Number of protein chains: 2
Amino acid sequence: MKISNTKATILTEALELIQLKGYNGFSFHHLSEKIGIKTASIHYHFATKGDLGIALVQKIRAEAGDYFTQLDRDIADPGKRLEKYFNIFRSTFENGHRMCVGGMLALESKTLPAELVAEVRCYFDDHEAWLSKTLQIGRKQKVFSFNKSSREVARNLFAALEGAMLSACAFGEVERFNAAATWYLNQLRS
Amino acid sequence: MKISNTKATILTEALELIQLKGYNGFSFHHLSEKIGIKTASIHYHFATKGDLGIALVQKIRAEAGDYFTQLDRDIADPGKRLEKYFNIFRSTFENGHRMCVGGMLALESKTLPAELVAEVRCYFDDHEAWLSKTLQIGRKQKVFSFNKSSREVARNLFAALEGAMLSACAFGEVERFNAAATWYLNQLRS
DNA sequence: GTCTATAAGATGATAGAC
DNA sequence: GTCTATCATCTTATAGAC
């Protein structure tokens with residue numbers, strides 16, 4: 001689907017603001033100053049703040065889906081594939097110490113509109129489903145080794161990755177993410 | 001140190017609000033309604049919202065310190081000690097799906113006063129230091145097994161626990177915390 | 001599509017009476 | 001210590017001109 005320039009810019013800047021300050025930590029005014037547009041104009045594109053949040057998560061979910069397809073197509077080894085997947089998070093943090101938007105919104109769940117919460121859960125589902133599939137393939141190829149179901153391990157791994165991002169954010173240190181991610185990966189390798 | 005009744009009540013209710021909605025998701029008005037006191041009265045006890053946050057983290061740090069002492073004294077086996085430590089997080093979540101306050105504030109760091117951020121980092125340091133000590137003892141007793149320094153593993157483990165809480169909060173499911181925590185623990189056991 | 005103007009409520013904080 | 005009253009500011013959102 002084609003999205004107008006302004007609409008896309010709003011989503012891009014809103015993403016950064018949420019990753020840095022959270023949904024409750026940014027306002028239409030912050031957005032308007034970053035973009036150089038009045039708050040009323042933002043409301044033209046997104047009726048409410050909740051609508052903006054929903055559109056934002058839908059957009060990043062679609063982008064993640066495309067990236068998953070790309071990883072599956074371009075990288076044969078499930079181990080390398082997983083490493084490359086980890087880079088999404090690392091790059092996010094390296095780009096101004098941003099948090100994963102899904103994890104950020106997850107912690108703010110109790111203050112968000114229900115439809116946005118639902119979208120955030122779909123975000124988790126997407127990642128966990130891809131991880132599950134990748135882990136399963138890797139186990140079949142003897143690249144990974146684990147006892148529980150791939151679905152459960154995927155959940156644990158994704159949770160751990162979110163925690164690694166949180167820890168990195170707490171101190172502003174990428175190294176915290178890297179060390180944790182490496183540890184998790186080594187636990188899974190055969 | 002002795003803390004007046006009202007002051008203690010404010011801290012107790014503020015803790016719940018932050019664990020549920022985050023620092024930016026709660027207001028003095030929310031607090032005042034829960035406690036049955038006017039917002040002006042809260043300002044008598046804590047000059048600013050930041051001061052309230054700082055006092056709150058200092059209080060829970062002190063309580064955690066007491067609990068660490070208690071665990072070290074009462075539970076001989078490092079494995080059991082760690083399991084019991086995990087219960088802090090489990091109970092927190094089971095009590096109304098609350099997030100760990102340290103992890104919540106960590107993600108809001110970029111919107112918090114500097115002194116509060118420093119306090120949050122001390123909170124992380126406290127937990128990681130105790131975990132490091134416990135892991136080291138456990139390794140000496142062949143209860144745990146790991147290659148890296150106990151300090152690094154402690155960081156990875158604490159990050160993973162925060163992630164497990166985040167994941168549980170995302171879906172409102174304790175099981176997500178339990179499954180992740182069990183997995184982490186099994187990775188460490190000899 | 002974007003603007004000005006404005007509404008209506010929330011928010012952190014203070015002054016001064018009781 | 002707690003209250004009423006009040007403040008300045010911020011926040012989401014709308015109406016209507018351009």
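Below, read A as the first sequence line, B as the second, and so on, with proteins coming before strands; counting in each chain starts at 1. Given the structure is predicted, the values throughout are model-derived calculations rather than measurements. Heavy atoms only: backbone and side chains are in, while hydrogens, waters and symmetry mates are out.
- Rounded to whole Å, atom P of dT4(C) lies 11 Å from atom CD1 of Ile37(A).
- Rounded to an integer number of Å, the gap from His29(B) NE2 to dA5(D) P is 16 Å.
- Proximity note for Thr48(B) (side chain, C-beta onward) versus dA13(C), dT12(D), dT2(D): the nearest is dA13(C).
- For Ala40(A), the side-chain atoms get nearest to dA15(D) when compared with the rest of dA15(D), dG1(C), dT4(D).
- A straight line from CD1 of Ile35(B) to C1' of dT2(D) spans 13 Å, rounded to a whole angstrom.
- In this structure, the CG atom of Leu52(B) is 14 Å from the C1' atom of dT11(C), given to the nearest Å.
- Between Trp130(A) and Tyr85(A), the gap from one ring centroid to the other is short of 6.0 Å.
- Phe28(A) and His43(A) have parallel rings, their planes meeting at less than 30° on a 0 to 90° scale where 60° marks the start of perpendicular.
- As judged by a 4.0 angstrom heavy-atom cut-off over every strand, Ser27(B) is placed among residues touching the sugar-phosphate backbone only.
- An OP1 or OP2 oxygen of dG1(C) is reached within less than 4.0 angstrom by a side-chain nitrogen or oxygen of Tyr44(A).
- OP1 or OP2 of dT2(C) sits under 4.0 Å from a side-chain N or O of Thr6(A).
- Geometrically, Lys49(B) engages Phe26(B) in a cation-pi contact defined by less than 6.0 Å to the ring centre and at most 45° from the axis.
- Here His30(A) does not reach the OP1 or OP2 of dC10(D): none of its side-chain N or O atoms lies under 4.0 Å away.
- Between the P atom of dT6(D) and the NZ atom of Lys38(B) lies a distance of 15 Å, rounded to the nearest Å.
- dC3(C) atom P lies 10 Å from atom CD1 of Ile42(A), rounded to whole Å.
- Using a 4.0 Å heavy-atom distance criterion, Phe46(A) is classed as making no nucleic acid contact.
- Between dT2(D), dT14(C), dT2(C), one nucleotide has an atom nearer to the side chain of Ser41(A) than all others, and that is dT2(C).
- Aromatic ring orientation, Phe93(A) versus His97(A): parallel (interplanar angle below 30°, classes split at 30° and 60°).
- For the residue pair Ser150(A)/Ser132(A), the side-chain donor-acceptor check at 3.5 Å is satisfied.
- The nearest whole Å value for the distance from the CG atom in Leu31(A) to the C1' atom in dT12(D) is 12 Å.
- Between Lys49(B) and dG12(C) there is a side-chain N or O to OP1 or OP2 distance below 4.0 Å.
- If you take CG of Asn24(A) and C1' of dA10(C), they are 13 Å apart, rounded to a whole angstrom.
- When heavy atoms are screened at a 4.0 angstrom cut-off, Phe28(B) is found touching the sugar-phosphate backbone but no base atom.
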